[in-house]
Enquirer: 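There's a structure below that I have some questions on.
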Amino acid sequence: LSAAIQAPRGTLDVLGEDAARREAVEAHARRILSAAGYHRIETPAFESTELFSRTVGETSDIVQKEMYTFTDAGGRSLTLRPEGTAPTCRAYLEHGMHKLPQPVKLWYVSTFFRAEAPQKGRYRQFWQVGAECIGSGQPEVDAELIVVLAELLQAVGIRDTELHLSSLGTPETRAEYREELIAFLRAHADEVSDEVRARFEQNPLRAFDAKDSATIQTMQHAPKLIERLTGEDAEHFASVQGLLDEVGLAYTVDPTLVRGLDYYTRTVFEFKSQALGAQSTVGAGGRYDGLIAQIGGPDTPGCGWASGVERMLLSSGEIPVAAPVVDLYVAVAGDRAVPRAFRLACDARRAGLGVQLELSRRALRRQLTQADRLGARYVAIVGDSDPAALREMASGEQAELELAGVIPTILRGSRLT
Ligand code: ATP
Ligand code: MG
């Protein structure tokens, strides 16, 4: 006997109550994002590897150790998408969306893939709701995106979130600051983790992302990028804060917030929830004014966020989930009744009713139990000839009638006796 095949490590099946809660998250996202003028986009599950190495960054965790990369039969290097911003920008460019009125607002709810050590809130295939606003560099874009994400998190019942906000300035500011930070890390090399020590010459900013307390302690005293912002960057950052103040959305300016992806410029933000423990970030994003140029397009500003669906579900209380409505359960009295019962179920659905047909050919008594369990309003008991019986479950009233009369009777909602 061979062992039963199981799902790959770090993946999950979406079923039952979990599926219903996810649908609720998706419905809230669709409602809130559509109302804010975002249009749905879906991109392929895999892309050219280069799309991610050029934008997310060669020295980022994602590119260095988390990508599922393979070579196809044509010798091309492809990667299962680890994130949604670069693919969305690729699509914006490829479909000439710069010709549309700007900015272009797009949203998605899709699966992403990262080869990470699986743990609570961290999977190898996971879902994100994401929003991208491409084609305007104004601070109101950043602020609007942040407010929309706050609204989504609130709608799905995530309380006690904390908004962390910072600015990474322009690449030029960052290049100068980088040297300063490397000098600091060289001077404190014996106080940081081995991992940080091995990588800071390559990517010093990542040291702020370290999770060990010794490095965190040291980095508190490091020079901060936010103190080196140029005039326009500082102005942009102040405007974003001013707009958040305008609507009373609380935030903490966090100079250690750097984010793990290289494409960010200026504004970066994260919503954290204490309910999540180690994986405390629910949703995060920022501005990426250089990204489209990095993939061969014209200079185009952009800003966006992504929020992990599993983490939203882990950190939310009850999301009200509506059970599917069963207006009619079609019970089948005998094998020869199957065609008539089948026709009634199809006709009733076409008439707009929520219908479940008995599909296991149970004994009639057990069919009624099943109908009751599903909360069916009516049960039609269909034999191989008329009359059929129609029972209203709440009152227990039952009437005999022609099969053709079942649907009109339910639609009228009239009393049976
Ligand atoms: P972390 O610091 O937790 O690794 P990240 O900075 O890599 O997060 P982003 O790339 O900003 O995460 O992705 C945005 C959101 O997607 C995260 O805030 C989180 O909710 C979710 N997310 C990221 N990686 C995973 C994963 N492996 N499993 C589940 N959700 C994830
Ligand atoms: Mg990560």
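One-based numbering, in listed order, for ligands and for the atoms of each.
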Enquirer: Inspect the contact between Arg228 and Asp233 and indicate whether a charged nitrogen and a carboxylate oxygen are less than 4.0 angstrom apart.
Expert: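 No, this pair does not count.
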Enquirer: I want to know if ligand 1 touches Gln128 in the polar sense, i.e. an N/O pair below 3.5 angstrom.
Expert: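 Right, the criterion is met.
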Enquirer: So between Arg122, Glu66, Arg311, Lys272, whose heavy atom ends up nearest atom 19 (C) of ligand 1?
Expert: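 Nearest option to atom 19 (C) of ligand 1, by heavy atoms: Arg311.
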Enquirer: Starting from the C-alpha separation in whole Å, work towards a yes-or-no answer on side chain to side chain contact (heavy atoms under 4.5 Å, CB included) for Phe271 and Leu152.
Expert: CA-CA 11 Å; Phe271 281 87; Leu152 173 62; over 6 Å; no
Enquirer: Would you say Gln367's side chain and Val332's backbone share a donor-acceptor pair under 3.5 angstrom?
Expert: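 Pair found, side chain donor or acceptor close to backbone of Val332.
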Enquirer: For atom 10 (O) of ligand 1, which candidate among Glu83, Arg114, Arg259, Gln125 provides the closest heavy atom?
Expert: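 When every heavy atom of Glu83, Arg114, Arg259, Gln125 is considered, Arg114 comes closest to atom 10 (O) of ligand 1.
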Enquirer: Between Arg197 and Asp194, is there a salt bridge with N-O shorter than 4.0 Å?
Expert: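 Result for this pair is yes, salt bridge flagged.
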Enquirer: Could you tell me which atoms of ligand 1, counted from 1 in the order shown, lie closer than 4.0 angstrom to a heavy atom of Glu116?
Expert: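 Taking each heavy atom of Glu116 in turn, ligand 1 has 24 (N), 25 (C), 26 (C), 27 (N) under 4.0 Å.
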Enquirer: Relative to the heavy atoms of Val282, which atoms of ligand 1 are at a distance of less than 4.0 Å?
Expert: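 The list of qualifying atoms is 18 (O), 19 (C), 20 (O).
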Enquirer: Decide whether an N or O pair under 3.5 Å exists between Gly308 and ligand 1.
Expert: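 Yes: some nitrogen or oxygen of Gly308 is under 3.5 Å from one in ligand 1.
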Enquirer: Counting both backbone and side chain atoms, is some N or O of Lys211 under 3.5 Å from an N or O of ligand 1?
Expert: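 There is no such contact.
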Enquirer: What are the atoms of ligand 1, with element, lying closer than 4.0 Å to any heavy atom of Ala306?
Expert: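 Counting from 1, the qualifying ligand atoms are 14 (C), 15 (C).
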Enquirer: Output yes when a side-chain donor or acceptor of Thr265 lies under 3.5 Å from a complementary backbone atom of Asp289, and no otherwise.
Expert: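 Answer holds: yes.
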Enquirer: Any salt bridge between Arg22 and Glu26, counting N to O under 4.0 Å?
Expert: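 No, no charged N to carboxylate O under 4.0 Å.
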Enquirer: Taking only Lys NZ, Arg NE, NH1 and NH2, and the carboxylate oxygens of Asp or Glu, determine whether Glu83 and Arg259 approach each other closer than 4.0 Å.
Expert: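 Judged by the 4.0 Å cut-off on N to carboxylate O distance, Glu83 and Arg259 do not form a salt bridge.
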Enquirer: Return a yes/no value for Ala284: is any of its N or O atoms, backbone included, closer than 3.5 angstrom to an N or O of ligand 1?
Expert: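 In fact, backbone or side chain, Ala284 has no N or O that close.
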